[in-house]
Amino acid sequence: MNKELVISANEAGVRIALTEDKQLVELHTEKFGTKFSVGDIFIGRVKKIMQGLNAAFIDLGDEEQDGFMHYLDLGPYYLSCSKYMRQAMNGNAGMKTLNPFKLEPNLAKDGNMGATLTPGQFLLVQVTKEPISTKGPKLTGNLSLAGHYIVLTPFENTISISQKIKAKDERTRLKRLMQSIKPENFGVIVRTNAEGKTVAEIDADMRALMNNWSKMTEKLKRITSPQKLVSEESAVAVALREVLSDDFNTVYVDNEEVYNEVREYVKSMVPGKESIVRFYKLQTPIFDQFGITRDIRRAFGKIVTIRSGVYLYVEQTEAMHVIDVNSGNHIKMGGGQEDTALQVNIESAVEIARQLRLRDIGGIIIVDFVDMIKSENRKKLYDVMCEEMKKDKTRHTVLPLSKFGLMQITRQRLRPAVEVDVQEKCPLCDGTGKIKSSLVVVDEIEADIKYQTEQKKAKRIVITAHPYVQAYLTKGLLSQRRRWMLKHKCRIRVKSDSHLSLLDFTVNGN
């Protein structure tokens with residue numbers, strides 16, 4: 001598979017497109033100066049405790065939005081984290097490595113938020129879900145620092161290996177490796193990208209994460225108000241961290257500063273692989289050059305057309321996304337209606353899986369497929385959807401078709417879905433949905449005729465207008481043109497120009 005990353009950056013933000021075999025599959029848009037991103041660590045202040053919800057609103061230093069945290073989101077290591085925070089704020093240098101540091105007992109799962117937190121107290125939190133609509137960011141007390149090969153989890157000593165690493169020998173090798181380099185009182189989650197990597201590569205990732213932890217400890221010494229302590233890496237670095245692998249072919253960047261950042265990141269993570277990063281210098285916008293703009297226009301919007309004639313109707317409600325599959329003008333197969341429905345549904349399933357990644361649709365998704373009678377065909381469609389969804393790294397669940405032909409999908413929602421406005425403003429109504437009255441246009445033309453004949457003493461008038469207007473003015477025994485000629489005592493000729501919009505016209509006299 002040919003995988004490419006196309007990055008377009010300007011002063012407003014960064015747009016990142018991931019293509020597989022020249023087809024757009026993911027689109028990320030990040031604006032500079034975003035207040036909250038998944039992975040950001042804040043020191044917040046408890047603002048209000050909601051006893052009925054067993055939750056609390058946390059002041060993060062933003063006047064417009066507070067974070068939300070349920071009691072269970074405090075995490076089992078809340079007491080150890082709180083102890084670390086207090087000692088770090090008092091200037092204890094040993095907190096940079098948590099060695100020596102005595103871990104506290106785990107927090108009880110059936111506790112009460114009001115008995116655990118008090119309004120006004122500081123606590124360390126991390127963003128797990130970005131603000132969506134009127135909801136503020138969702139927070140957790142389970143801190144983690146994500147790298148390219150590992151995720152560092154403070155206040156525990158466990159080692160977990162990605163389930164996608166299947167080889168028993170490799171899992172054993174990675175576990176022994178982590179036991180030898182893991183800092184005390186830090187847990188580690190070994191990511192899929194670590195498979196086959198050397199000790200030096202993984203250790204470099206570990207050192208970078210520990211350096212971030214040390215910087216956070218230093219910042220805690222000077223804390224007097226809620227603020228951000230650790231920012232998630234730039235949008236470009238996050239995208240590279242999540243998608244960069246050995247089968248990645250090329251990264252194109254149209255901004256020199258971002259190009260240097262990407263090249264250095266790739267060089268640090270995958271030495272020798274930096275040659276895949278290329279600086280785009282052509283005058284044509286990079287998204288236009290690679291056909292991404294065209295793909296965006298086709299893929300976003302309520303109606304998504306598939307080449308075979310099948311189309312999807314994608315609708316977003318407050319509670320869920322709904323996708324309706326329509327066979328459109330799809331050519332029927334010789335096998336009958338059942339075979340045609342199966343083919344339509346399988347083609348749609350492939351496109352739906354791509355749409356979920358592309359739009360980053362999360363929450364509940366209901367898909368209304370074309371009805372099929374045979375249970376084996378319903379099972380085949382379910383298998384195809386599950387196989388296509390394996391390409392999606394976001395946590396998801398796919399349920400078999402219900403008896404009504406509906407498929408339910410849940411997909412983890414961490415940030416608002418990507419929305420691209422593919423509609424253009426109408427040149428006639430300027431987006432208002434209303435145009436000037438036809439009577440007013442006729443009056444304006446006559447006003448110009450009157451100006452030419454009375455002020456400039458013109459005897460011949462030439463009107464150029466849209467063909468529809470030209471026909472309206474000239475057709476009939478006593479046309480509008482003839483009335484004007486009798487009224488203003490001049491010769492009038494009406495020409496048509498299809499390049500003019502419906503309400504545009506010119507009046508020239510001599």
Sub-6.0 Å ring centroid separation between Tyr252 and Tyr280
no

Below 4.5 Å, heavy atoms only, C-beta onward: do Leu27 and Ile16 meet side chain to side chain?
no

Partner of Glu26 by salt bridge (Lys or Arg N to Asp or Glu O under 4.0 Å), out of Arg15, Arg359, Lys393, Arg357:
Arg357

Sidechain-backbone polar pair: Thr410 side chain, Gly363 backbone, donor-acceptor under 3.5 Å
no

Which donor-acceptor pairs under 3.5 Å do side chains of residues 206-213 form with protein atoms, sequence neighbours excluded?
{"residue": "Arg207", "atom": "NE", "partner": "Asp203", "partner atom": "OD2", "Å": "2.8"}
{"residue": "Trp213", "atom": "NE1", "partner": "Met95", "partner atom": "O", "Å": "3.1"}

Could you tell me if the side chain of Val125 sits less than 4.5 Å from the side chain of Ile41, heavy atoms only?
no

Under a 3.5 Å cutoff, is there a donor and acceptor pairing between the side chains of Ser180 and Arg176?
no

Side chain to side chain contact (heavy atoms under 4.5 Å, CB included) with Ile409: which of Thr397, Val367, Leu399?
Val367

Side-chain heavy atoms of Asn142 within contact of Tyr77, under 4.5 Å
yes

Arg411 (side chain) donor-acceptor with Ile361 (main chain) under 3.5 angstrom:
yes

Any donor-acceptor N or O pair under 3.5 Å, side chains Asn157, Lys182:
yes

Flag the pair Asp205 and Lys197 as a salt bridge only when some basic side-chain nitrogen lies within less than 4.0 angstrom of an acidic carboxylate oxygen.
no

Among residues at least two apart in sequence or on other chains, which ones pass side chain to side chain donor-acceptor pair (under 3.5 Å) with Lys390?
Glu387

Donor-acceptor contact present, side-chain Arg171 to main-chain Ser162, <3.5 Å
yes

Would you say the side chain of Val190 lies within less than 4.5 Å of the side chain of Tyr149, judging by non-hydrogen atoms?
no

Check side chain to side chain donor-acceptor pair (under 3.5 Å) between Thr217 and all other residues, then give those that pass, not counting sequence neighbours.
Tyr84

Should Glu256 and Arg263 count as an ion pair when the cut-off is N to O under 4.0 Å?
no

Can a donor-acceptor pair be found, under 3.5 Å and without considering hydrogens, that links the side chain of Asp66 to the backbone of Phe57?
no

Applying salt bridge (charged side-chain N to carboxylate O under 4.0 Å, His left out), run through Glu218 and Lys96 and close with a yes or a no.
CA-CA 8 Å; Glu218 283 293 326; Lys96 293 182 179 180; 2.5 Å; yes

In terms of heavy-atom contacts, does CD1 of Ile346 have more than 12 from other residues, nucleotides or ligands at under 6.0 Å?
yes

On the six-membered ring of Phe101, is Lys83 placed so that its NZ or CZ lies under 6.0 angstrom from the centre and within 45° of the ring axis?
yes

Side chain to side chain donor-acceptor pair (under 3.5 Å) between Gln343 and Thr340, worked out:
CA-CA 5 Å; Gln343 185 181 17; Thr340 300; 5.9 Å; no

Looking only at atom types and distance, does a side-chain atom of Ser402 sit under 3.5 Å from a main-chain N or O of Leu406, one as donor and one as acceptor?
yes

Any carboxylate oxygen within less than 4.0 angstrom of a Lys/Arg side-chain nitrogen, looking at Glu20 and Lys391?
no

Residues in salt bridge (Lys or Arg N to Asp or Glu O under 4.0 Å) contact with Arg173, at least two apart in sequence or another chain
Glu170

For the residue pair Ser231 and Asp40, confirm or rule out a side-chain donor-acceptor distance under 3.5 Å.
no

Exactly one of Val304, Leu312, Asn345 clears side chain to side chain contact (heavy atoms under 4.5 Å, CB included) with Ile352, and that residue is Leu312

Backbone of Asn112 reached by a side-chain donor or acceptor of Thr116 within 3.5 Å:
yes

Between Glu4 and Lys22, does any NZ, NE, NH1 or NH2 come within less than 4.0 Å of an OD or OE carboxylate oxygen?
yes

Residues Gln126 and Leu143: closest non-hydrogen pair is OE1-CA, 3.3 Å

Tell me if a side-chain donor or acceptor on Lys219 pairs with a main-chain N or O of Leu229 at a distance below 3.5 Å.
yes

Starting from the C-alpha separation in whole Å, work towards a yes-or-no answer on side chain to side chain contact (heavy atoms under 4.5 Å, CB included) for Ile366 and Gln408.
CA-CA 5 Å; Ile366 304 295; Gln408 301 174 62; 3.7 Å; yes

Salt bridge (charged side-chain N to carboxylate O under 4.0 Å, His left out) between Glu388 and Arg354, intermediate numbers included
CA-CA 8 Å; Glu388 290 297 319; Arg354 184 176 81 100; over 6 Å; no

Glu201 side-chain N/O to Thr198 backbone N/O, donor-acceptor pair under 3.5 Å:
yes

Results of salt bridge (Lys or Arg N to Asp or Glu O under 4.0 Å) for Lys215 - residues two or more places apart only
none

Applying side chain to side chain contact (heavy atoms under 4.5 Å, CB included) to Asp62 and not counting sequence neighbours gives Lys35, Phe36, Glu64, Gln65

Between the side chains of Thr140 and Asp73, does any donor sit under 3.5 Å from an acceptor?
no

Any chance CD of Glu376 has more than 12 other-residue heavy atoms, nucleotides or ligands included, within less than 6.0 Å?
yes

Test log, rule side chain to side chain contact (heavy atoms under 4.5 Å, CB included), inputs Lys47 and Ile58
CA-CA 5 Å; Lys47 187 172 184 178; Ile58 311 298; over 6 Å; no

Do the side-chain N and O atoms of Gln87 and Asn92 include a donor-acceptor pair separated by under 3.5 angstrom?
yes

Under a 3.5 Å distance rule, please check whether Asp368 uses its side chain to pair with a backbone N or O of Ile323 as donor and acceptor.
no

Quick one: does any side-chain atom of Arg191 pair with a main-chain N or O of Gly147 as donor and acceptor, under 3.5 Å?
yes

Close side-chain approach of Met372 and Leu342, heavy atoms under 4.5 Å:
yes

